[in-house]
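Worksheet: one structure, shown below.
Quick note on labels: first sequence line is chain A, next is B, and so on, each numbered from 1.
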Amino acid sequence: MKYLTLAETYQDLQATSKRLEMRDILVDLFRGTEPRLMGRVVYLTQGTLGPDWEGLQLGLGEKLVSRAIALTAGISDDDLEALVHREGDLGLATEAAFASKGPKQVQLFQESLTVDRVFESLTMVARVEGSGSTEKRIRLLQQLLMDADPLSARYIVRTVVGKLRLGIADMTILEALEKAFLWAEDEERVMGSDKVVETIYNVHPDMGAIALAVANEGAEGLAGFGIQVGVPVRSMLAERLGSTPEILEKMGDRCAFEYKYDGMRIQAHVGLEGVHLFSRRMETITSQFPDVVQAMESAFADVEAIMEFEAVVHNPETGELLPFQEVSHRRGRVHGLAESVEDYPLVLFAFDLLYLDGEELLLQEFQLRREALESLLGKAGEGPIRPSTLRWVEDPEGGDDFFLEAIAAGCEGIIAKAIGEGSHYRAGARGW
DNA sequence: CTTGCCTGCCC
DNA sequence: ATTCTGC
DNA sequence: GCAGAATGGGCAGGCAAG
């Protein structure tokens, strides 16, 4: 498959803002794609090269990509900057530069770019490291752009800087996958009626792998993708509500209030093969938190579980909780890990349990998950792992006190959580 | 060796 | 994280 | 109400340059 085919599809997508139309453009693309290529096509359309937890980074942003473009098009940095200003973004500027004096001129003997070539080149860019790697990354991108027609160049550049701006993202791609491979040809349904693919994606957020499976095997391909220790579950998120009446309307008269800790979210997976930690955005952060790994190992031996925590730096002498800024010193840390563990000691407030010893708890009501969590934590004993502070509420009007209490405890506020019917864990959605 | 740009990811 | 837009 | 894009503050690491 030519990359230009993909680029033309992207152009079509940009031409409309109607979501159903966008979805159908993607459906046509997917149905016309060799199954073998579906993983790569979907990753590129997402603007990635693999699942988030694999941590591939291109390591090129606006500045460095600009250098590659200027070199390839044979224009000065200043000229390129002027073009960006005129055209609106770096992708369009590249297209314009290539169209007027593009490298197409030297292209008589080259084959046009394929999806494979683009994907593999970008993967190479992501893999380079060490001294001289910046230069090498730029050169690799330059070589790729050298063979690109103007339209392809627009989207390659946007992919690398991480701003495809197609008007579509995860949800639309998932719906398109569903329609392309699970619906009969020409079938029409209410949008989002089944959401089989999305449901799988929520517990196995690797769209390339899912696309490949569903393109090759249809619905049966989805069988192998259930919730699994070691694979992150998409986080359920909170939305901001301004007032008690709003909370009442959203949650009904009975709900739970919980401290909203000013820390960093960690999804912990413990199992027979060790501990895995993931960030809210499904990045692997295991090696950055050896203290957390150790705490999990000693608290949850012989257990298989997926739990969610808010990690907060505290003062062990006073028990005082410290603000987000403190825990942010630990994010991304590779050097001086032992010192940072000392300097920024963590408390881990457990607030949800998604999986326990072969049992999926995602679909259970909040009370049940909370009970299971507390009983699991009961076995953990003393230590940095604690249950989040929670209050079952009969009368939400009385939430003001709890709010003030949370603020006094060093928290950002409170979170209202629905209970009872419909209070399952809504992975990937805003529901708290 | 130190400094500062650049990138990526947390909120 | 928040804010804005279009459907 | 949802999906997507754009934007902000702040931190650490990797690398290039001095």
Atom pair NZ/CG of A:K417 and A:D352 - distance to nearest 0.5 Å: 5.5 Å

Is the shortest heavy-atom distance from the side chain of A:V115 to the side chain of A:L6 under 4.5 Å? yes

Among B:dC11, B:dC10, D:dA5, which nucleotide sits nearest the side chain of A:S279? B:dC10

Can you see which heavy atom on A:L145 is nearest to which on A:F98, and at what distance? O-CE2, 3.4 Å

Would you kindly give the CG-to-C1' distance between A:L20 and C:dG6, to the nearest whole Å? 13 Å

5' priority, DNA chain D, between A:S133 and A:G167 [closest heavy atom]: A:G167

On a heavy-atom basis, which atom in A:T284 and which in A:Q288 lie closest, and how many Å separate them? O-NE2, 4.3 Å

Side-chain N or O of A:R280 versus OP1/OP2 of B:dC10: is the shortest distance under 4.0 Å? no

Between A:E198 and A:G130, who's closer to the 5' end of DNA chain D by nearest nucleotide? A:E198

Do any side-chain nitrogens or oxygens of A:S17 fall under 4.0 Å of OP1 or OP2 in C:dG6? no

Under 4.0 Å between any heavy atoms, over every strand shown, what does A:G162 touch: base, sugar-phosphate, or nothing? Just pick one. nothing

Could you run down nucleotides 2-7 of chain B 5' to 3' and tag each one B, S or - for protein heavy-atom contact under 4.0 Å? ----SS

Minimum heavy-atom distance A:R67-A:E135, with the two atoms named: NH2-OE1, 3.4 Å

If you define the side chain from C-beta out and look only at heavy atoms, does anything of A:Y10 sit under 4.5 Å from A:L13? yes

If we take the P atom in both D:dA6 and B:dC11, what is their distance in whole Å? 22 Å

Describe, in one word, how the ring planes of A:Y43 and A:F119 are oriented to each other, choosing from parallel (under 30°), tilted (30 to 60°) and perpendicular (over 60°). parallel

To the nearest angstrom, the CD-C1' distance between A:Q14 and D:dA5 comes to 12 Å

Integer-rounded Å distance: D:dC11 C1' and A:M264 CE: 12 Å

Output the residues of residues 324-334 of chain A in contact with DNA chain B, where contact means a heavy atom of the residue under 4.0 Å from an atom of the strand; sort by number or write none. A:F324, A:R331

Starting at CZ of A:R19 and ending at C1' of C:dT5, how long is that distance when rounded to a whole Å? 14 Å

Are OP1 or OP2 of D:dA3 and a side-chain N or O of A:R430 less than 4.0 angstrom apart? no

Could you label the plane-to-plane angle of the A:H204 and A:W53 rings as parallel, tilted or perpendicular, counting under 30° as parallel and over 60° as perpendicular? perpendicular

Between A:S131 and D:dA16, is there a contact of a side-chain N or O with OP1 or OP2 at under 4.0 Å? yes

Is it true that A:E187 and A:K179 have a side-chain N and a carboxylate O under 4.0 angstrom from each other? no

Do A:S76 and A:D79 pass the side chain to side chain donor-acceptor pair (under 3.5 Å) test, and can you show the C-alpha distance, the side-chain angles, and the key distance before you say yes or no? CA-CA 5 Å; A:S76 70; A:D79 288 347; 3.3 Å; yes

Which nucleotide, D:dC15, B:dC10, D:dG4, lies nearest any side-chain atom of A:M171? D:dG4

Indicate, with a heavy-atom threshold strictly under 4.0 Å, whether A:D262 touches base, sugar-phosphate, or nothing. nothing

A:E129 side chain, from C-beta outward: closest of B:dC10, D:dA6, D:dC15: D:dC15

